[in-house]
Number of protein chains: 2
Amino acid sequence: MGRNRATLADVARRAGLSKTAASMVLNGREGTRLSAEAHQRVFAAAEELGYRPNVAARSLRTRKTATIAFVSDIVATTRFAGGLIRGALDAARERDHVLLITETQGDAAFEQYAIEAMLDRQVDGVIYAAMATRRLAVPPAILSGPVVLLNATSPEALPCVLPDDERAGRTVTTALLEQGHRDRIALIGRARLKERDPEVSLAAQARLRGIRDILSGAGATLLAEAFCGDWLPEHGYAAMRGLLSKPTRPSAVICMNDRLAFGAYQALGEAGLAVPTDISVVSFDDDPIATWLRPGLSTAALPHEQMGRRAVEILLDDRGTEPVLVPMPLRRRRSIATPAS
Amino acid sequence: MGRNRATLADVARRAGLSKTAASMVLNGREGTRLSAEAHQRVFAAAEELGYRPNVAARSLRTRKTATIAFVSDIVATTRFAGGLIRGALDAARERDHVLLITETQGDAAFEQYAIEAMLDRQVDGVIYAAMATRRLAVPPAILSGPVVLLNATSPEALPCVLPDDERAGRTVTTALLEQGHRDRIALIGRARLKERDPEVSLAAQARLRGIRDILSGAGATLLAEAFCGDWLPEHGYAAMRGLLSKPTRPSAVICMNDRLAFGAYQALGEAGLAVPTDISVVSFDDDPIATWLRPGLSTAALPHEQMGRRAVEILLDDRGTEPVLVPMPLRRRRSIATPAS
DNA sequence: AACGTGCGCTAAACTGATTTAGCAGAGCAT
DNA sequence: ATGCTCTGCTAAATCAGTTTAGCGCACGTT
């Protein structure tokens, strides 16, 4: 790979100057007293030879590789991860950096290995990402250099980027109130474990807080709250059936994520009820299925691309320690309407 | 990052030997006449200092970085990509390699930049992946070293890994025949563009070929073939409605992918028809939604993980030039049944 | 005693960049 | 003529490894 690449020495020779001169010119060093003509010759030579510096050689001296490690638990290869990586990739490119990506598969040994492999390659910093927004313990090895947590926090109070789930809870609830829903709003996706253990989820609690905040502001309470073991379609389906079996039918349901909402749609379809005329549905995440459902699901989007982007920016540019909360915009589709009566 | 790492010189000093000796011992070189005791001392010193070689320094001399470039069009960040990357990551790790991942966003300038950035880092080889199985033109820059195409072929006949779509077509059709379907099988997802232009898709034609092969072997033909502009749920929905409006209702439909099948389910639900009692459905891809649908969708799975894995294996180990076809196993769920009458 | 041989190990070159220290020559003042 | 400063450039060290060439010693042979 790249066997006959021209080296700096080649460029210097062709320009009739020393390596020193060539290096300084190509790096745009100020204060060297090299003549305009010398500059010309170096640039011309580099151009003609198609010179590209050898990053390994350079980094040996400078200890900079223009490479960022992107380590995640299992985020890198799931549908949820795409945006995170894409945003990070974009921001990295703008700063002339490149990403070394690994995922740990949730396996500590694998993680250890992966992190060492990246540190061996002298990465300039590490982005440590989690699939579910949660608190986690950062492997000590990566603390030797700059780190940014993505979609996660840690006891060490490292710089981190999180979605603003609480505000999303408010957004979603407000969208319902604006349409006239108030006293018959149900919730699907209460989950003790997710709400209690920050190492499992930070989103559950935050979203719930946002929802309740707006509701109590309007002097209302939830009509019903369905608990779910997990946030998968089957749980949403079961929860929705449960809700429909009660005397008072909700006018709207908030689902804790889109997969639950998908399940809810299935139950509604079977019951012969139509979204949104019979029941409105809102949700969180903006999973691809949200656009595929009929009618399209209104949902507060996890701003994955933005988050990935911010992580790189923080790592490379500012790096303050206060958590960065990225807003979750509401994608308005056709699943919300004014209640029938 | 990694500021106080021990160097080989440190290890050598501690072992009371030369760098040469330390290097040879740690690399397990045969034929050096270093004593067993010298071996001991070097290993002990390395262990005590937590020595890890600096990959940049090593690669400067050896021109090997144990790093593979994974370049894709937009595969890296979509739900379809996950498995490809995961498989590649796994196989790479087994060979002590690491992945530099980029996606080109379908933009030639970006691609040029990304590839150069990776070559600058002296990668040992390139895996060039496409999201849709198709033929593509490989950027000349990467031809300077080992390349494997993933989910793609090229006019240059480079080594490549592809899913065995034709066989999948046969698998899926056979599954239907086995249940007694024969003369009322419809197809959703014919698409002229995809079938004609290998630069758009190789899957469409191959799947169709497999389906027809089995059908004609059984002396049957398709009851109906619905054409779709693309393979999204909305197209599947429209196609299914079209099929249902005809005099003879199919006993089974084959959808060209799971998203179409999802749309088909929606149309069936609205029409009050049940899967699989009224109509059986089979499909291709094994998208996550296949498990979420009610009933679960039987589908020939794109073996993404296997494919990613094979690509690395071919790149690093054998590298024959004949295309590698990876089988697409049928995931049997509940969407196929014996036709009613 | 001189010579060849195998053993156990090391000095130094090399990879391709950056960076430090400093040299030669011109111009000017004393 | 001497010393000083400034200009324009370069030699050599450095980063952390790998690799080549070969050194000194003990032993056996003639």
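Chain letters run A, B, ... following the sequence lines, proteins first, then strands; residues in each count from 1.
Between the side chains of B/Arg121 and A/Thr67, a donor-acceptor pair is found at a separation under 3.5 Å.
Side-chain contact check for A/Glu103 versus B/Asp90: every heavy-atom pair is 4.5 Å or farther apart. A heavy-atom distance below 4.5 Å is not found between the side chains of B/Glu305 and B/Arg309.
When each of A/Ala22 and B/Leu17 is assigned the nucleotide of DNA chain C with its nearest heavy atom, B/Leu17 is the one assigned upstream, toward the 5' end. Nucleotides of DNA chain D nearest to A/Thr32 and A/Lys19 differ in position, and the one nearer the 5' end is that of A/Thr32.
The nearest pair of heavy atoms linking A/Leu99 to A/Ala92 is CD1-CB, 3.8 Å.
Bounding nucleotides for the chain A contact on DNA chain D, 5' to 3', at a heavy-atom distance below 4.0 Å, are D/dT7 to D/dA16.
Of the residues in residues 33-42 of chain B, those with a non-hydrogen atom less than 4.0 angstrom from any atom of DNA chain C are B/Arg33, B/Leu34, B/Ser35, B/Ala38.
When atom types are taken as modelled, the side chain of A/Asp124 and the backbone of A/Lys64 share no donor-acceptor pair closer than 3.5 angstrom. Formation of a donor-acceptor pair under 3.5 Å by the A/Asn54 side chain with backbone atoms of A/Ala56 is found in this model. In terms of modelled atom types and a separation under 3.5 Å, the side chain of B/Asp10 and the main chain of B/Thr7 share a donor-acceptor contact.
Remark: B/Arg5 is not positioned above the aromatic ring of B/Tyr51, lacking an NZ or CZ atom under 6.0 angstrom from the ring centre and at most 45 degrees off the axis.
For the pair B/Gln122 CD and C/dG16 P, the computed distance is 9 Å after rounding to whole Å. The distance from atom CG of B/Leu8 to atom P of C/dT15 is 19 Å, rounded to the nearest whole Å. Counting to the nearest Å, the P atom of C/dA17 and the CG atom of B/Asp120 are 10 Å from each other. Counting to the nearest Å, the C1' atom of C/dT15 and the CG atom of B/Asn54 are 13 Å from each other.
Here A/Thr62 lies in heavy-atom contact (under 4.0 Å) with sugar-phosphate atoms only. Among the heavy atoms of the strands lying under 4.0 Å from B/Thr20 is at least one base atom, whether or not backbone atoms are also near.
Note: B/His39 and B/Phe43 have tilted aromatic rings, judged against thresholds of 30 and 60 degrees for the angle between ring planes.
Closest to the side chain of A/Arg58, out of C/dG16, C/dA17, C/dT10, is C/dA17.
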